[in-house]
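In what follows, chains carry the letters A, B, and so on, assigned in the order in which the sequence lines appear, proteins first and then strands, with residues in each chain numbered from 1.
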Amino acid sequence: MAETIPPWADEAAPVLKLEDLAVAYKVRGGEIEAVQNVSFEIKRGETHGIVGESGCGKSTVAWAVVNFLGNNGYVKRGSIKFQGRELVGVVGEELRQLRGDQIAMVYQDPMQALNPSMRLGDQMKEVLTVHRGISQREAETHCIEMLERVYMPDAANVMKRFPHQISGGQQQRVVIAMALLNNPALLIMDEPTTALDVTVEAAVLDLIAKLRREFDTAIMYITHNLGVVARVSSRVGVMYAGEMVERATVEAIYKNPRHPYTQGLIRCVPKLGADKAGSVLYPIRGRVPPPDSRPVGCVFGPRCDYFRDRCREERPDLRQVSPGSWVRCHFAEEIDPAQWTPSEDIIPPRISAAEVPAEPILQVRDLKKYYEVQGGSLKDMVGLGEKRYVKAVENANFDIPKGRTLGIVGESGCGKSTLVKTIIGLESSTSGEAEFLGLDITGDISSRSEQLIQELQMVFQNPDSTMNPSYTVGQQIGRPMQRFGTVPKGQIRDEVIKLLQAMRLGENYYDRLPRQLSGGEKQRVGIARALASHPDLVLCDEPVSALDVSVQAAILNLLLEIQQEYGTTMIFIAHDLSVVRFFSDYVGVMYLGQMMEIGPAEAIYSPPYHPYTEALLSAVPIPDPSVEQKHIRLAGAVPSAIAPPSGCRFHTRCPRRELMPDGGKLCETDVPPWLEIGEEHRIFCHLPLETLNSFEAVVTKPGEVTQHAS
Amino acid sequence: MTVAAAAQPRPSLFQRMWRGISIVFESRVATIGLAMVLFWIIVAIISLFWTPYPENSSLFVQNLPPNATNLLGTDHLGRDILSRLMVGTQVILLKTRLPEMTVGGLFLVLAAIPALVSFIAYLLVLAKMFGASGTLWGILGIIPVVSFIWGWINARRHKLTGTMIVWTLAMVAAALLILGSPSFRETTLGRISLPGGVAIWGVFGSLTLGALLGLNAGYRGGWWDQSIMQVLDALIAFPRIVLYLVVIAALGQGDLVVILAITVTGAPGVARLARGLTLDIKTRDYIRAAETRGENKWFIMFREILPNASGPLLVDAMLRVGYAIFAIGTLGFLGIGLPPPDPDWGNMVNEARRNIFANPLAVIWPALSIATLVIGLNLFADGLNEEMTRYQK
């Protein structure tokens with residue numbers, strides 16, 4: 001639900017006003033203009049979101065405001081006015097006063113923003129004692145009060161702790177509290193929730209929304225996530241390749257996007273609607289131009305479906321097309337997104353319904369993976385201490401039929417990566433059974449035959465580290481073919497080129513080095529390498545999490561195409577339910593090592609839900625302000641996997657626990673049973689089926705009726 | 001659809017090399033260093049063909065100051081210092097003198113090591129195929145002939161071709177030795193020199209040994225890591241000169257011995273660096289990808305990790321050449337360095353030291369040469385390091 005613009009906002013002078021800002025970086029051999037011609041303003045009490053993909057310059061704009069550009073960056077043109085005062089050119093003592101007192105900044109990674117060797121209380125008090133010169137005791141009271149205002153449980157105790165002793169979500173709250181201590185006029189937040197889990201992110205976003213109302217601060221919120229921006233901001237500016245291409249209110253941006261780039265972005269973001277057809281993704285073709293070779297005319301031109309001659313020659317200005325909306329496009333009035341049809345090259349493959357029942361290719365029964373924890377005491381070193389284990393995966397039980405996709409979703413620490421590592425053999429399992437193509441895979445790689453290794457391959461998360469920087473693309477894709485001997489030596493090059501073409505990469509990629517490729521291209525090469533030996537099962541460990549939104553869509557479509565062409569079975573891991581939605585046949589939800597719900601994809605997204613699935617679905621930020629989403633938040637933090645809760649592992653945080661007939665005591669003492677609901681759908685819960693069925697759908701468009709899958 | 005972006009033709013090898021080398025010129029420090037090193041290399045190359053006067057002949061009056069004929073003066077035996085200085089670069093930078101050998105000896109050296117290595121490789125294959133008992137049979141009795149034949153028949157299938165070729169060559173060499181005439185075996189070869197100076201070979205040796213140990217320690221971890229590192233730590237604990245003395249006392253004087261001494265004292269430092277780099281690179285996803293392909297550990301260490309660790313290792317190696325030159329100088333000064341007759345800077349300092357009051361410049365010239373060469377290498381390595389890491393985050 002979007003935020004409203006407060007009524008006094010229009011009369012007051014803007015807290016921050018940027019006019020025609022240009023920032024350049026000096027590099028070896030010249031300089032690069034990272035940001036060009038950016039203009040916007042933020043009024044008191046308003047949250048202005050800045051949305052863009054990586055490399056668009058949004059963080060550079062924030063750093064320019066606080067003069068944090070580093071040795072080689074400088075403001076080339078334009079002005080930054082803060083409360084009417086010019087900021088460009090301010091240095092030294094004046095800047096220091098301004099920074100801590102009136103402008104505060106919250107960064108992406110709270111662990112890096114907090115000093116690990118100082119207690120939290122000391123760090124927070126420092127903000128007050130340095131800028132306002134008040135006494136320690138007074139500062140302490142202020143700090144505890146502020147921590148309580150950010151809903152930090154047990155604030156006084158937290159003041160005495162060190163950063164590593166509290167969770168990520170709590171760290172971010174502390175950072176936000178520190179930022180608000182001096183009641184700044186402007187709060188800049190640079191992707192503050194990107195490093196957090198979905199449920200934690202939801203809680204922090206609620207907090208930010210509340211604080212804006214209470215503190216009347218102007219907030220500049222930078223993010224790449226369209227859903228988050230829809231939730232926290234009142235106005236949004238969309239940036240592309242260093243320029244602001246559209247600026248409007250949140251409703252206007254989502255209901256009626258004017259710039260082709262914004263329209264393209266909205267089309268390629270996965271949405272959590274109830275119908276599957278609506279979740280088809282259309283990528284934006286082409287790639288972001290590097291800063292040193294931007295086109296002369298409109299910077300989005302080469303990728304635009306409405307490109308014309310005027311766009312090639314003349315750079316459009318940011319102009320107002322309706323009250324409150326500015327667009328940088330020559331033909332904004334003429335473009336109607338409702339009339340848009342996808343061009344040939346980006347139509348995703350048709351998702352054919354699963355017709356033929358297939359044999360299971362992978363069967364996992366009661367698979368456990370425990371890591372031993374090295375104790376630090378003398379007793380442990382000698383071997384007499386009690387052994388403790390991190391119970392990373394507990395009793396995993398599932399089958400995957402041939403040719404289908406299983407999506408596994410869960411937050412960090414839920415054991416999904418460990419499960420996948422155990423299946424592929426990077427780790428050996430502790431106990432349980434796992435069979436792949438009838439062969440036992442409970443041991444690790446060293447105990448498996450080469451044929452088996454060949455049939456199980458993996459795609460990794462981080463495109464930058466998935467390729468060896470010292471070898472060319474052709475060499476790396478050819479290596480599995482060489483190793484397993486699937487292709488005779490002379491034909492390897494041809495086979496590699498065929499694979500590259502299947503990945504929509506041209507033949508000229510054969511001789512390129514990884515540093516010449518973009519993130520999306522590297523990931524494609526990673527997929528090609530995994531497919532080189534024609535495996536029967538491909539495990540994808542969050543393959544799109546580190547990619548830009550427009551590239552994600554292209555990679556997801558590619559994976560779908562591959563599956564249909566080669567008939568590969570896939571296990572796809574993600575931390576976000578919306579990403580797995582449109583191409584998984586089955587979805588499993590994991591929490592703290594335990595599979596909580598598993599079943600066909602349609603069944604997961606509509607009731608009956610497992611309470612954790614329900615909480616996950618209600619936490620995902622949806623890029624559509626008109627959608628109604630339930631507001632279920634989980635209390636507390638994820639418990640440690642070394643000493644997981646007894647009985648049902650979720651019972652300490654379950655919001656539906658009180659619906660149990662005995663008040664929830666059973667959840668604490670007994671391990672829940674698997675409730676079978678319809679074909680292949682199982683929920684791991686004590687709650688009786690009628691209760692689960694009575695839940696309403698989490699996400700509804702206004703006017704929709706809840707569909708129950710049972 | 002082909003993803004956009006006009007594909008630029010990959011620049012030629014020459015262009016790439018030039019681009020790599022031109023980084024040096026961006027740093028003033030590195031350029032100065034390079035100039036100093038190049039100066040000495042050029043002097044060394046010139047000295048192979050021409051020096052003002054023969055370096056070992058006492059043609060002049062002793063202890064002369066710099067004059068028209070002897071640009072740098074003469075030493076206590078009347079030899080021209082400039083010529084001796086020029087020739088002194090050779091043994092450090094350009095050539096290593098091998099001990100006198102007979103033909104038989106040469107064959108032994110050339111055949112022995114590869115034969116041993118290939119035989120061990122062969123035994124490992126046997127062990128994998130037939131277990132411990134099979135390997136034992138392979139070593140004893142008649143079976144080596146049978147295994148030899150089996151090896152050739154199955155070479156292709158078990159990837160033994162390279163091993164078998166080396167083994168065969170070794171057997172041929174051995175046969176020639178045994179069956180050749182005694183006079184052939186005992187012919188003395190003239191003084192052979194290997195290309196590449198003592199300092200260069202020494203650093204190369206420590207680089208190889210150190211990389212081997214460091215990669216294994218870093219990648220395998222656990223007990224491997226502990227044991228290798230503790231042994232190397234023990235070596236570091238000894239003062240380097242003491243280690244040199246021990247090695248030279250045990251094996252006598254000679255270029256090869258000094259190379260061995262430099263290798264052994266330099267390896268721990270390189271191993272430590274290599275281990276640190278390996279620990280970092282080991283966490284990358286492409287190593288995981290190689291593991292999921294079931295690649296064996298040696299492949300991962302040398303084909304996946306090492307190429308990415310080579311940058312810092314090479315910069316470190318350049319610094320080590322400087323230290324090695326310094327060490328050779330020190331050994332020469334102590335009188336246990338490279339043997340005569342070739343002049344050796346350290347030795348020159350040592351001999352001139354005794355006549356320092358009569359001829360102070362005779363001490364300064366060689367000392368200055370050592371200093372400039374080592375400083376040049378240090379500056380070059382330093383500047384290069386700074387440039388390579390300048391724009392990295």
Practice prompt. Answer yes or no on whether A:Arg479 is positioned over the face of B:Phe299, meaning its NZ or CZ is under 6.0 Å from the six-membered ring centre and within 45° of the axis.
Written response: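 Here A:Arg479 passes the 6.0 Å and 45° test against B:Phe299.
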
Neighbour count >12 (heavy atoms, 6.0 Å) for atom [atom1], [X]:
{"X": "B:Trp224", "atom1": "CH2", "answer": "no"}
{"X": "A:Asn71", "atom1": "CG", "answer": "no"}
{"X": "B:Arg220", "atom1": "CZ", "answer": "yes"}
{"X": "A:Tyr371", "atom1": "OH", "answer": "yes"}

Worksheet item: Do A:Arg483 side-chain atoms and B:Arg293 backbone N/O form a donor-acceptor pair below 3.5 Å?
Response: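 Yes, because the side chain of A:Arg483 sits within donor-acceptor range (under 3.5 Å) of the backbone of B:Arg293.
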
Worksheet item: Is the backbone N or O of A:Pro469 less than 3.5 Å from a side-chain atom of B:Tyr286, with the two atoms forming a donor-acceptor pair by type?
Response: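 Side chain of B:Tyr286 to backbone of A:Pro469: no pair is present.
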
Worksheet item: What option among B:Glu295, B:Glu304, B:Arg284, B:Arg303 has the most heavy-atom pairs under 4.5 Å with chain A?
Response: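 When all of B:Glu295, B:Glu304, B:Arg284, B:Arg303 are compared, B:Glu295 has the most.
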
Fill in: Among B:Asn308, B:Ile281, B:Ile305, side-chain contact (heavy atoms from CB on, under 4.5 Å) partner for A:Asn468
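The residue from B:Asn308, B:Ile281, B:Ile305 that satisfies side-chain contact (heavy atoms from CB on, under 4.5 Å) with A:Asn468 turns out to be B:Asn308.
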
Fill in: Selection from A:Arg303, A:Arg448, A:Gln457 maximising heavy-atom pairs under 4.5 Å formed with chain B
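That would be A:Gln457.
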
Discussion item. Any non-hydrogen side-chain atom of A:Leu426 less than 4.5 Å from a side-chain atom of B:Arg288?
Written reply: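 Heavy-atom side-chain distance check passes, below 4.5 Å.
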
Item to complete: With side-chain contact (heavy atoms from CB on, under 4.5 Å) as the test, would you mind laying out the steps for B:Glu291 and A:Met458 before giving the verdict?
Response: CA-CA 11 Å; B:Glu291 286 172 357; A:Met458 191 155 157; over 6 Å; no

Worksheet item: Which value, rounded to the nearest 0.5 Å, describes the distance between B:Thr292 atom OG1 and A:Ile453 atom CD1?
Response: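 B:Thr292 atom OG1 to A:Ile453 atom CD1 measures 9.0 Å (nearest 0.5 Å).
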
